Undergrad: 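Okay, here's the structure, questions in a sec.
All values reported here derive from a predicted model rather than from experimental measurement. Throughout, residue positions are numbered sequentially from 1 according to the sequence presented.
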Amino acid sequence: MSKSESGQIGRALVEFSLHGIFPEEDISSRQISVQDLSQARQSLAEAKAKLEADVHEINEETAPDVNQWVANAKSLEDDINKSRAWANDIVRRSQAPDVSGKSIQEAEEKVEFLRREAEYNQQVHHALRSIKHVNELLDQVEQARDERRILDSLHLLEKSWTALDAIPVSKSCRVMKLLDLRAFELKSAAHDVFDHVWDSLVQINADDGIVSVYESREDEQMTLTDAVVGLKAYKELDQRMALLWHSIDKAIVGPRTNIEASQLPKVQIQDSNLYLTGSVDKTITSLFSDLDLVMTYLSERLPEELVYSLSNVMMPDLIFRITGTWLDIAVPTSLSDMDEFQHVTEAVTTFCTRLQSLKFTGFEELQEWVDDAPKVWLSKCRETALDSVRTKLSQGLGNSKKVERVETQTVSRSEGKNLTANGVGGSNDDDDWGAAWDDGGAEATDDTNAKPESTEEDGADAWGWGEDDAADEQTEAITEQPPAVPAEEDPTEAWGWGEEDATEPDPLVAAQKDTPTSKTQTRELTLKETYNISSMPEPVLVLVSAVLEDAASLVGSDGNPMAAAAAGLFSLPTLVLAMFRAVSPYYYALNTGGNMFLYNDATYLSERLSDVAKNWKVREDLTPRAIAMLRLDNDIKALQSFATRAYSSEMATQRTILRDLLGGSQNLLQQDGLRTSDLEAQVDSATGHVRALAATWSTILSKSVWSQAVGSLVDTVASKLVADVFDLAGIGQDEAYNIASLIARITELDDLFLSPDAAKDAIPATAEYASSWLRLKYLSEVLQSNLQDVRYLWMESELSLYFTVDEVVELIGLSFVDNARTREVVREIEANPQPLGGR
């Protein structure tokens, strides 16, 4: 037999010995010789050596586990042998007739122990089977992952986690930790595969502006519908949709809705791609048309659950962008563009209906915008109106404009002379009405319908008051006495709330407020005077008038969708005027004479609004409801109060400055270390400040208001010096001369109240507007007089009209030595407190 045939016999013996495989018939029917057996024995020896090597290798790999199992098996065998011995002993003792109670107890304990051991063994067996089952499940997860069967791997992972939780072993056990770690690693690996598959199904190229969404791909086993299950399993549904929206927004929606871009791209769909191309106009219609394409594409290609989750993160951003930019710009500010606005609301309504049909949610705010279109339009009107006031104020006061105030009043003769002195002229129709006055005491007529021809005579002659003794009328001073403005006003006052109760008198009204009695000669007179305003009032008036006209046109227009905003429009002028009052002080203060411009502007606004309210009530083109809805009375009062506060604030500030220039809280005449020249410099600074203000205000205020304002400043200077003189402990001759010199410097301000073409002997009207002016002059006379002259000034002149007995006595005490002659003059003055008979 050949060597190859002997080898076949050896292999047949090995296969039969290892695997029980019976040899083929051609081999089993052969005759075997001794030589064949040696060859077969050699094959068996080689197989044995290989088996021993494999067993040795396996033993080395599993030695720790095998040793543990061997130890456990030996321990178990010992327990079984012990249990068998105990069982035999129990049987033996049960057969014995003289078993004691102690033996029975021991037997019961052994039985209980055996029962617990059997339960423990069963638990160990169950735990080992569970561990094996979990390990097999994880093997299947790994296989499914490698084959990219993501859903199967996730299902198997879920089963493995359930089975792992069911294992009756502590989680701190090493085998449990190993199984949990392997499950986590497989989950992460499956997630990486899931990300790869998701990226192949949803492709976004932000740089090129292309979005591609596929239901499935040929090279992937997972579909987009299956991806929903995966996202839920990983609890990443909302997170993944947030990332998807931000990617789509960056690639498509953001560039399309960027209204600030110079050119907007158009959205198109081709095959499975959503992309940007070309350009499109910036109309609302084209915007919603392109957004419709985007929403349709997403709704058709994404599962409904993904659409719902995407809506939650997409709609808040998108709706805010649409309403905050596109729709806000589309809202008109007047009724003239309302037709276009109605087209916008229709487009928004259509888009909302389309979103609802596409199963999108979260666009309620856009629907509310349509439902609240009147409120939106009113808010835009309010915002635009208030912003226009702020913008106009920020541009500065602009060029001033001269305006005329015309007022009809019933005045007496003395009032007419005061008005003439203030520079208030009568209208042309009243230029020659002086003939109606009868110097012989004839009764004056209350009114006249005749309109004589106008003349070009001097102002006082034209009024018919030029023949009276002007000196007698100089003592009738009309002074402005506005209350001091608090250092810190209530913030609400800036908006005019509560100004209806303001009692601050207007400077012009203060000059004309005397009401003639029935016995006084009176006449109805139309008065005119001019003053300057800035460029602010006219735009405010135009704005208020436009708002009121729009509001009136909406009243009764039930077919107009904005009719519900009529009441809100009628309240808008109040907000506009409140904004003017709140913001204007800051901007006016930036200009020289700003507060006086503010006084004029607020006064002009109140007068014009009064005319608007008066004309509004007699308009025949308005409905009764529109006439009744106008509410400007409180705003007019607020403006008048605001004007008075502006005037008072400016006057209070300038008075404080003048007092500071004259020593402030210190006595001007008792400042340490100051020489006469220093005092003269302080007085010159104060008078110079008065002259500078007078020059500035002369181009702003009317003549009457200017006279009162400058007169108030002059009075501040005069009263400060008079008070400082009375605060002295004594007045020497040289000091009296110096004080008289200072007074002379101050009295040079008289020329402010003389017209440039006045005669040399003209009497200034300073005393009419500065109540302390004649006190200052008579004080100078007293300081430069002897006792006899002082007595004359009191008894024969008009010193008693401006100083009290106590004040004159105090001046005598300050200026003269206390002797018999001094005391005699004092007694005589005290005995005649009203030497002129109370004139």
Side-chain angles (χ1 to χ4, degrees), residues 191-192 194-215 217 220 224 227-228 230-231 234-329 348 351-352 354-355 358-363 365-366:
H191 186 272
D192 293 339
F194 176 81
D195 286 342
H196 176 77
V197 176
W198 173 267
D199 292 339
S200 66
L201 295 175
V202 180
Q203 300 177 5
I204 299 178
N205 188 337
D207 296 333
D208 297 334
I210 301 176
V211 175
S212 303
V213 179
Y214 304 95
E215 171 62 24
R217 300 300 297 270
E220 302 293 346
L224 202 56
V228 178
L231 291 174
Y234 286 110
K235 298 180 181 179
E236 293 182 354
L237 183 60
D238 294 337
Q239 178 184 357
R240 186 78 61 161
M241 289 303 98
L243 294 175
L244 176 61
W245 157 242
H246 292 312
S247 299
I248 295 175
D249 186 33
K250 184 178 180 181
I252 302 293
V253 180
R256 178 59 185 87
T257 57
N258 183 16
I259 197 170
E260 297 180 356
S262 59
Q263 189 174 8
L264 294 177
K266 181 177 179 57
V267 178
Q268 287 189 353
I269 299 176
Q270 185 175 5
D271 299 331
S272 298
N273 299 325
L274 179 73
Y275 62 95
L276 297 175
T277 184
S279 61
V280 69
D281 56 40
K282 292 186 177 182
T283 62
I284 296 294
T285 304
S286 62
L287 172 69
F288 285 130
S289 176
D290 285 352
L291 290 179
D292 189 355
L293 288 176
V294 175
M295 299 304 161
T296 301
Y297 179 85
L298 296 176
S299 177
E300 292 177 350
R301 295 195 167 262
L302 294 177
E304 186 172 343
E305 289 187 73
L306 295 186
V307 171
Y308 177 80
S309 180
L310 180 63
S311 298
N312 293 333
V313 295
M314 174 179 67
M315 287 303 171
D317 288 348
L318 182 60
I319 299 305
F320 177 79
R321 192 179 307 168
I322 293 174
T323 57
T325 54
W326 288 84
L327 295 182
D328 183 67
I329 295 175
V348 176
F351 184 66
C352 290
R354 180 60 177 167
L355 288 177
L358 294 175
K359 306 299 182 182
F360 282 98
T361 59
F363 55 90
E365 184 178 350
L366 188 60

Undergrad: Compute whether any side-chain donor of one residue and acceptor of the other, for Thr296 and Arg354, lie under 3.5 angstrom apart.
TA: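 Indeed, the side chains of Thr296 and Arg354 share at least one donor-acceptor pair under 3.5 Å.
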Undergrad: Minimum heavy-atom separation for Pro255 to Pro265, with atom names?
TA: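 Smallest interatomic distance, heavy atoms only, reads O-CD, 3.7 Å.
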Undergrad: Answer yes or no: is there a side-chain heavy-atom contact under 4.5 Å between Gln203 and Val211?
TA: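 No, too far: nothing below the 4.5 Å cut-off.
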Undergrad: Atom CG of Leu358 and atom CG of Leu302: how far apart are they, to the nearest 0.5 Å?
TA: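 Output value for this atom pair is 11.5 Å.
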Undergrad: For Tyr308, look at atom OH and say whether over 12 heavy atoms of other residues, nucleotides or ligands are found less than 6.0 Å away.
TA: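 Atom OH in Tyr308 is not packed in, count stays at 12 or less.
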Undergrad: Side chains of Ile204 and Leu244: closer than 4.5 Å at any heavy-atom pair?
TA: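 Yes. Closest side-chain heavy atoms under 4.5 Å.
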Undergrad: Using side-chain heavy atoms (C-beta onward) and a distance below 4.5 Å, is Met295 in contact with Leu318?
TA: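 With C-beta onward as the side chain, the pair touches.
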Undergrad: Does Leu293 reach the side chain of Gln268, with side-chain heavy atoms less than 4.5 Å apart?
TA: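 In short, these two side chains do not touch, never coming nearer than 4.5 Å.
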Undergrad: For Val213 and Leu201: C-alpha separation, side-chain torsions, deciding distance, then whether side chain to side chain contact (heavy atoms under 4.5 Å, CB included) applies.
TA: CA-CA 6 Å; Val213 179; Leu201 295 175; over 6 Å; no
Undergrad: Ignoring hydrogens and geometry beyond distance, is a side-chain donor-acceptor pair present between Ser279 and Gln263 at under 3.5 Å?
TA: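 A pair is found: one side chain offers a donor N or O, the other an acceptor, under 3.5 Å apart.
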Undergrad: Asp292 versus Val294: any side-chain heavy-atom pair under 4.5 Å?
TA: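 SC-SC contact between Asp292 and Val294 ruled out.
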Undergrad: For Tyr297 and Ser212, work out which heavy atoms get closest and say how close.
TA: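 Closest heavy-atom pair between Tyr297 and Ser212: OH-CA, 3.4 Å.
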Undergrad: Okay, side chain of Tyr214, backbone of Arg301: is any donor-acceptor separation there less than 3.5 Å?
TA: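 Side chain of Tyr214 to backbone of Arg301, a donor-acceptor pair under 3.5 Å: no, none is there.
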Undergrad: With the side chain counted from C-beta on, respond yes when Leu327 and Thr323 share a heavy-atom pair under 4.5 Å apart, and no when they do not.
TA: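 Of all side-chain heavy-atom pairs linking Thr323 with Leu327, at least one is under 4.5 Å.
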Undergrad: Determine yes or no for a side-chain-to-main-chain donor-acceptor pair under 3.5 angstrom, with Ser286 supplying the side chain and Thr283 the backbone.
TA: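 Answer holds: yes.
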Undergrad: Inspect the surroundings of NZ in Lys282 and state if more than 12 heavy atoms from other residues, nucleotides or ligands are less than 6.0 Å away.
TA: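 Yes, NZ of Lys282 has more than 12 neighbouring heavy atoms, counting only those of other groups under 6.0 Å.
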Undergrad: Please give me the minimum heavy-atom distance between His246 and Asp317, naming the atom from each residue.
TA: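 Closest pair (atom of His246, atom of Asp317, distance): CE1-OD2, 4.3 Å.
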Undergrad: Walk me through it: do Phe320 and Thr325 pass the test side chain to side chain contact (heavy atoms under 4.5 Å, CB included)?
TA: CA-CA 8 Å; Phe320 177 79; Thr325 54; over 6 Å; no
Undergrad: Looking at every heavy atom in both Ala206 and Ala251, which two are closest together, and how far apart are they?
TA: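 The pair with the smallest heavy-atom distance is CA-CB, 3.7 Å.
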Undergrad: For a quick test of reading the model, state the closest non-hydrogen atom pair linking Ser309 to Asp238 and the distance between them.
TA: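 Heavy atoms of Ser309 and Asp238 come nearest at OG-OD1, 2.8 Å.
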Undergrad: Could you state the interatomic distance from CH2 (Trp245) to NZ (Lys250), rounded to the nearest 0.5 Å?
TA: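 Going from the CH2 atom of Trp245 to the NZ atom of Lys250 covers 14.0 Å.
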Undergrad: Taking side chain as C-beta onward, heavy atoms only, is Val267 less than 4.5 Å from Leu291?
TA: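 No; the side chains remain at least 4.5 Å from each other.
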Undergrad: What distance do Leu274 atom CG and Ile248 atom CD1 have between them, rounded to the nearest 0.5 Å?
TA: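 Reported value, rounded in 0.5 Å steps: 8.0 Å.
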Undergrad: Look at the side chain of Asn273 and the backbone N and O of Tyr275, then say whether any donor-acceptor pair between them is shorter than 3.5 Å.
TA: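 Checking the backbone N and O of Tyr275 against the side chain of Asn273, no donor-acceptor pair under 3.5 Å is found.
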Undergrad: Any chance you could measure Asp281, atom CG, to Lys266, atom NZ, to the nearest 0.5 Å?
TA: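 Here the interatomic distance stands at 9.0 Å.
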Undergrad: What's the spacing between Ser299 OG and Leu355 CG if we round to 0.5 Å?
TA: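 Between atom OG of Ser299 and atom CG of Leu355 there are 9.5 Å.
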Undergrad: Can you measure from OG1 (Thr257) to CD1 (Ile252) and round to the nearest 0.5 angstrom?
TA: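 It is 11.0 Å, given to the nearest 0.5 Å.
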Undergrad: Mind checking whether Glu300 and Ile269 have side chains closer than 4.5 Å, heavy atoms only?
TA: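 A side-chain contact under 4.5 Å is absent here.
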Undergrad: Answer yes or no: is there an ion pair linking Asp249 with Arg256, defined by an N-O contact shorter than 4.0 Å?
TA: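 Not counted as a salt bridge, because no side-chain N and carboxylate O are separated by less than 4.0 Å.
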Undergrad: Is Trp326 reaching over with its side chain to a backbone N or O of Arg321, donor-acceptor style, under 3.5 angstrom?
TA: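 Checking the backbone N and O of Arg321 against the side chain of Trp326, no donor-acceptor pair under 3.5 Å is found.
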Undergrad: Take atom CD in Glu304; do more than 12 heavy atoms of anything else shown fall under 6.0 Å from it?
TA: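 12 or below, so no.
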